[in-house]
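Chain identifiers are assigned alphabetically (A, B, ...) following the order of the sequence lines, protein sequences preceding nucleic acid strands; residue numbering begins at 1 within each chain. What's counted below: heavy atoms across the whole structure, side chains too, no hydrogens, waters or symmetry copies.
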Amino acid sequence: MAKRSIMKTKLKQQVINLIKREIPEIQQVKDKVKLEPPKEEKFGDFSINASFLLAKHLKDKPINIAQRIKQILESEEIFEKVEVAGAGFVNLFLSTKYFEPILEKAILEGDTYGEIKNKTKGKINIEFVSANPTGPLHLGHGRGAVVGNTLANLYKYSGYNVEKEFYINDAGNQIKMLGLSVYARFRQIEEPDYPLPEEGYKGEYIKEIARQLYESHREKILSMSSEEEVVEYMAEFAKNLLLDKIKQDLALLGVEFDIWFSEKELYTQGKVYEVLKFLEEKGLTYEKDGALWLKTTQFGDDKDRVLKKSDGSYTYFAGDIAYHFDKLKRNYDFIINVWGADHHGYIPRLKSAMLALGAKEDWFNVVLIQLVKLFKDGQEMKMSKRAGTFTTLKDLIDMVGKDAVIYFFLTKDSNTHLNFDIDLALKKSSENPVYYVQYAHARISSVFREAKEKFNININELDSSTVDTSLLKEKAEKELMKYIAVIPEDIYEITEKKQPHKITQIAYELASKFHYYYNNYKFLQQDDEKLMKARLYLLKAVRNVLRTIFKIMEITPVERM
RNA sequence: GCGCCCGUAGCUCAAUUGGAUAGAGCACGUGACUACGGAUCACGAGGUUGCAGGUUCGACUCCUGCCGGGCGCGCCA
């Protein structure tokens with residue numbers, strides 16, 4: 001985990017200014033100077049690489065330059081200690097005082113610690129899940145939902161206006177097939193031998209929908225004049241029902257959308273026609289073999305793509321262009337699409353189309369979601385729609401709970417395969433990372449209950465005016481404060497890098513530092529009330545930061561377990 | 001065949017995007033409750049970073065070539 005900090009930028013500038021007085025050449029390498037927390041704590045809170053960069057300019061060895069830098073910085077009071085190490089690293093040790101305002105911020109901001117409240121970074125759109133409304137959500141959708149939603153929360157935290165969008169594929173063949181499938185099941189109620197369509201949906205839920213229609217809408221259906229009309233009616237009915245189910249399942253994970261965008265409306269509102277006309281007028285299309293093509297090769301694709309087939313119908317691609325043209329006109333600073341990894345070959349194509357429409361180079365972004373495999377008793381639970389051994393997202397949530405689903409879906413980079421270990425998710429021990437981080441929160445809550453009961457200390461009344469934080473001198477305490485200081489910028493960083501899975505690492509590390517502290521130090525001691533209050537104050541800050549992180553992930557901050 | 005992703009401890013993953021002795025968790029071994037929740041903590045062992053070259057003060061990271069795995073290459077959606 002990269003350990004940047006709130007004060008890093010400020011501190012770097014400060015350090016450079018100090019060095020500049022003695023070594024003006026630093027101005028030339030300023031942008032390359034890195035002020036980073038090193039891997040090992042013995043190398044200090046921060047380490048600066050300036051001596052290596054200056055070596056060429058000063059024609060001297062890094063180690064000698066490092067010595068000069070050490071002398072310059074040593075006298076500053078914000079540093080407890082300055083050391084030269086290795087081939088020329090200068091290691092900086094901050095004094096405890098440095099962390100006091102940060103602690104206070106964590107106390108005051110509650111579960112929004114470090115969040116950038118004025119959303120001035122820009123307006124963005126994140127589209128995710130976008131499952132076909134032809135069946136229940138499966139595990140891949142669930143992973144996409146969690147990754148997309150967490151990403152959205154991260155961007156909000158980092159100061160963006162975020163709109164979450166679900167694209168409803170309600171136009172194409174699948175919906176027609178859905179109608180035909182329901183229709184067949186409907187007919188089967190009276191004629192068991194009535195055939196299912198070849199590519200039809202075979203799940204139990206289709207039968208249930210058919211039964212429902214048979215029981216409560218039979219008369220209406222029988223009064224319809226054509227089979228076509230019936231199928232269309234059933235498709236619409238099933239679609240709405242399944243879409244509702246999808247919404248319910250997503251709500252279980254704390255996922256809600258701002259915009260539900262209908263593919264069908266792109267066609268009914270003429271938006272597909274419109275965007276094709278727009279592209280034609282820009283001279284970016286041509287006709288060949290009776291079809292209309294887009295010159296995507298002009299924008300980086302390896303071949304041109306068909307927009308309108310020779311039979312006169314539009315390709316899915318054309319609809320998608322129209323959809324993203326609509327997004328483009330909504331003036332987002334950039335957009336992110338969360339897609340299944342099997343669509344990765346589709347990216348260059350759509351990206352080219354967006355460039356053709358005048359989007360900026362980095363406007364269109366895609367985050368890919370790889371497969372989820374379930375493991376139980378060390379065995380993979382093979383999933384097969386045909387064999388009926390199909391585990392839905394809802395099934396998984398019912399098995400292990402919402403928090404475990406979210407956490408486990410976020411443990412790995414979304415672009416790598418995920419093995420979901422059900423046994424591990426159910427374990428109530430430190431092997432299970434969800435319990436580990438939640439336990440940290442519950443433990444602190446427990447300490448607070450104890451503090452109230454035995455010492456009559458009200459946690460809500462602890463603030464900077466009643467607490468002397470300078471008493472927090474232990475190493476474990478400094479570690480915690482340092483980590484708290486560093487977390488917001490860590491979060492901004494994983495946001496910009498689109499690595500939502502790393503939020504679990506941050507949560508885990510904070511929990512780990514707390515558990516260490518807990519095991520090695522007493523908080524509720526009778527003999528020193530001032531120290532007791534200072535430590536409880538620190539715990540309160542830790543709990544707030546945990547809550548902040550949990551909120552981003554939509555995980556429950558449990559008081560008791 | 002072409003393109004993209006991946007290959008790091010027994011397993012699952014990191015490594016501040018080119019920096020210090022490649023780090024965590026799990027599993028394994030040893031130890032820690034008369035005290036705030038032991039659902040925890042500490043210590044230990046574990047590596048030729050798939051292989052071979054190259055670039056430079058320095059490479060898990062960048063370049064080239066192999067080996068192995070995954071995915072994608074429709075006038076499907």
Ignoring hydrogens and angles, does a donor from either the side chain of Asp320(A) or the base of A77(B) sit under 3.5 Å from an acceptor on the other?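 Flag unset: no donor-acceptor pair detected.
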Kindly indicate whether the side chain of Thr315(A) and the base of C75(B) share any N or O donor-acceptor pair separated by less than 3.5 Å?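 Check fails, no donor-acceptor contact within cut-off.
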Are any non-hydrogen side-chain atoms of His324(A) and Lys327(A) less than 4.5 angstrom apart?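 Result yes, sub-4.5 Å side-chain heavy-atom pair found.
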Which part of the nucleic acid does [X] contact within heavy-atom distance under 4.0 Å: base, sugar-phosphate only, or nothing?
{"X": "Tyr346(A)", "answer": "base"}
{"X": "His344(A)", "answer": "base"}
{"X": "Tyr436(A)", "answer": "sugar-phosphate"}

Please compare Lys303(A) and Glu450(A) by the position of their nearest nucleotide in RNA chain B and report the one closer to 5'.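 Looking at the nearest nucleotide for each, Glu450(A) comes out on the 5' side.
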In whole Å, measure the gap between the C1' atoms of G10(B) and A52(B) for me.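 The same atom, C1', in both gives a distance of 27 Å.
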Answer yes or no: are there more than 12 heavy-atom neighbours, outside Tyr273(A) itself, under 6.0 Å from its atom OH?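 Check fails, neighbour count at 12 or below.
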Contact string for nucleotides 27-35 of chain B, one letter per nucleotide 5' to 3', B = base within protein heavy-atom range under 4.0 Å, S = sugar-phosphate only, - = neither, reads S-------B
Stem list for RNA chain B, please, built from Watson-Crick and G-U wobble pairs under 3.5 Å and keeping only runs of at least 3.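 In RNA chain B, stems of three or more pairs: B:1-5 with B:69-73, B:10-13 with B:23-26, B:28-32 with B:40-44, B:50-54 with B:62-66.
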Is Phe523(A) stacked on the base of C36(B), meaning ring centres closer than 5.5 Å and planes within 30 degrees of each other?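 Yes; by the centre-distance and plane-angle rule, Phe523(A) counts as stacking on C36(B).
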